[in-house]
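Worksheet: the structure to be examined is printed underneath.
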2 protein chains.
Amino acid sequence: MLDASISKYKTLYKADAIFHQGTESSCIYAIRSGAVRTYTTAKNGDQQTLGFHLPGDILGLNGLDNKIHSCSGVTLATSTICEIPIKTLHMLCIKMPGLQRQLLRVLGEEISKDYTMLLMLARCNADQKLAIFFTNLSERFGKRGFSTREFELTMTRSEIANYLGLADETISRLIARFKDKKLIQVQRKSIKIIAKQRMIEIAEGECTLDEV
Amino acid sequence: MLDASISKYKTLYKADAIFHQGTESSCIYAIRSGAVRTYTTAKNGDQQTLGFHLPGDILGLNGLDNKIHSCSGVTLATSTICEIPIKTLHMLCIKMPGLQRQLLRVLGEEISKDYTMLLMLARCNADQKLAIFFTNLSERFGKRGFSTREFELTMTRSEIANYLGLADETISRLIARFKDKKLIQVQRKSIKIIAKQRMIEIAEGECTLDEV
DNA sequence: CGCGTGCTTGATCCCAATCAAGACATGTGG
DNA sequence: CCACATGTCTTGATTGGGATCAAGCACGCG
């Protein structure tokens, strides 16, 4: 929607920071290509990954009122990012009456997503968490026209672990078990989902991993 | 901010539903008095409490674009709720140019709050969670002009447990330990915080409960 | 080639869940 | 006013899922 109006692209390389928690938020960021991880940092320094973001996603929306970024964003691979100054955005909103509502909608969707995430962290066991992770990722790749069955992970095991509130070793073990149970094929970062339906059942707690 | 413009109040009694997840969201809700619990429900039926809300809080903002409620709200006690139709809200936005930005700001704050909650659920142990819970509640009472040291819990132990991603029994045990360690005084639902600073230290992981 | 980072695997431990029972408060109908 | 039911909370005993500790492995890169 914004593409036509703005075209300030920026190429970033793996592990480059896009924006930092605590700094003034002057832009929102649209991912054009690549992948991004967002995370919050607690006072004591430990961080929680909030999400992995793909092309088409918009970041930094929650600091819209010229406020402060409540999370940080970092690239997981070479990426092109489109920066849209919030000032520009506000001006555009005047020109395009529908835009402001769209922003409200996107923010609302972000909140819904957070709710789902809260539910997952609080109520799901490790098996479910990983199944949910793979299922979501697969779905999101699909929406972008990529294969839902085969994809490359851009993030490390450790980052997945952090995202799901688990230990690194647990992720390793789980991936191994998913492989043993013929739910997926794995080769380092490349994942092939074999038993999609089963995966969904595990994600939703309808069956357990060792029942498979 | 909206008070002047609208005055459709409604009195609800304990355990009354205000809005339901999955239904069309036609209103936002401002709490005038009482207390409200919001929660999401998963497909399999289990629910996750998202927050406990006090007078002055606004609920239902995330369905602004005439969409669907992504959580449910239920009163914890007799409450007066002010309903503001989203249509009215959109009209008001045209009259009052600052309002739309305010809405964006409130939504942004909600997202920041969710991030904090994600971090808590994923990274904190049970002691920290309860300390965070008490500290936050205390702070929020303070902002509303009530005592930060003494207050009544409107929710059950079980609801606290659900909110923090713990078992009911764990909450009972923790409250007992907090009492033993002279951090709080308890009498059923009435809480008095004795060692505020210690509580904060525990919340932030700077010290453990049995060091106290 | 050698080093470092990321990943895997094994052994052990511990925090919080679960199971179980009882205590206390509140409400309800006789 | 009491007997009883019900929901809430507490406390104890036991279990178990995932964390932690500790090596070793595999790949990529200078």
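Chain A is the first sequence line, chain B the second, and so forth, proteins listed ahead of strands; every chain is numbered from 1.
- Distance from the side chain of Glu169(B) is smallest for dT11(D) among the nucleotides dT11(D), dC7(C), dT8(D).
- Neither OP1 nor OP2 of dT8(D) sits under 4.0 Å from any side-chain N or O of Lys189(B).
- Protein atom CZ of Arg177(B) is 15 Å distant from nucleotide atom P of dT10(D), rounded to whole Å.
- Here the P atom of nucleotide dA17(C) and the CG atom of Leu174(B) are 9 Å apart, to the nearest Å.
- Atoms CG (Leu209(B)) and C1' (dA16(C)) sit 14 Å apart, rounded to a whole Å.
- Computed from coordinates, the Asp168(B) CG to dG7(D) P distance equals 14 Å when rounded to whole Å.
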**OP:** Please step through salt bridge (Lys or Arg N to Asp or Glu O under 4.0 Å) for the pair Glu152(B) and Lys189(B), ending with a clear verdict.
**Re:** CA-CA 6 Å; Glu152(B) 292 287 314; Lys189(B) 301 249 182 178; over 6 Å; no

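- Mapped onto DNA chain D by nearest heavy atom, Glu159(B) and Arg188(A) fall at different nucleotides, with Glu159(B) at the one closer to the 5' end.
- In the set dA19(D), dC9(D), dC7(C), dA19(D) carries the atom at the smallest distance from any side-chain atom of Leu166(A).
- Here Phe151(A) and Phe146(A) keep their ring centres 6.0 angstrom or further from each other.
- For the pair Ser172(A) and dC7(C), the criterion of a side-chain N or O lying under 4.0 Å from OP1 or OP2 is not met.
- Put simply, NZ on Lys179(B) is 12 Å from C1' on dC9(D), counting in whole angstrom units.
- We find that CD1 of Ile171(A) is positioned 13 Å from C1' of dA19(D), with the value rounded to whole Å.
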Original post:
Passes salt bridge (Lys or Arg N to Asp or Glu O under 4.0 Å), Asp57(A) versus Arg144(A)? Steps please.
Top reply: CA-CA 11 Å; Asp57(A) 287 344; Arg144(A) 283 162 182 79; 2.7 Å; yes

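- The interatomic distance linking Arg157(B) (CZ) with dT11(D) (P) rounds to 10 Å, in whole Å.
- Within the 4.5 Å cutoff, the side chain of Phe52(B) has heavy atoms near those of the Glu159(B) side chain.
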Quick test: give all pairs of protein nitrogen or oxygen and nucleotides 13-17 of chain D nitrogen or oxygen below 3.5 Å, distance rounded to 0.1 Å.
| residue | atom | partner | partner atom | Å |
| --- | --- | --- | --- | --- |
| dA13(D) | N6 | Arg173(B) | NH2 | 3.4 |

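- In this structure a side-chain-to-backbone donor-acceptor pair under 3.5 Å is missing from Thr135(B) to Ile200(B).
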Original post:
Given Glu109(A) and Arg105(A), is the salt bridge (Lys or Arg N to Asp or Glu O under 4.0 Å) satisfied, shown in steps?
Top reply: CA-CA 6 Å; Glu109(A) 282 166 7; Arg105(A) 190 177 50 76; 2.8 Å; yes

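- Here the side chains of Leu54(B) and Ile31(B) are not in contact, with every heavy-atom distance at 4.5 Å or above.
- One can place CD1 of Ile160(B) at 10 Å from P of dT10(D), the figure rounded to the nearest angstrom.
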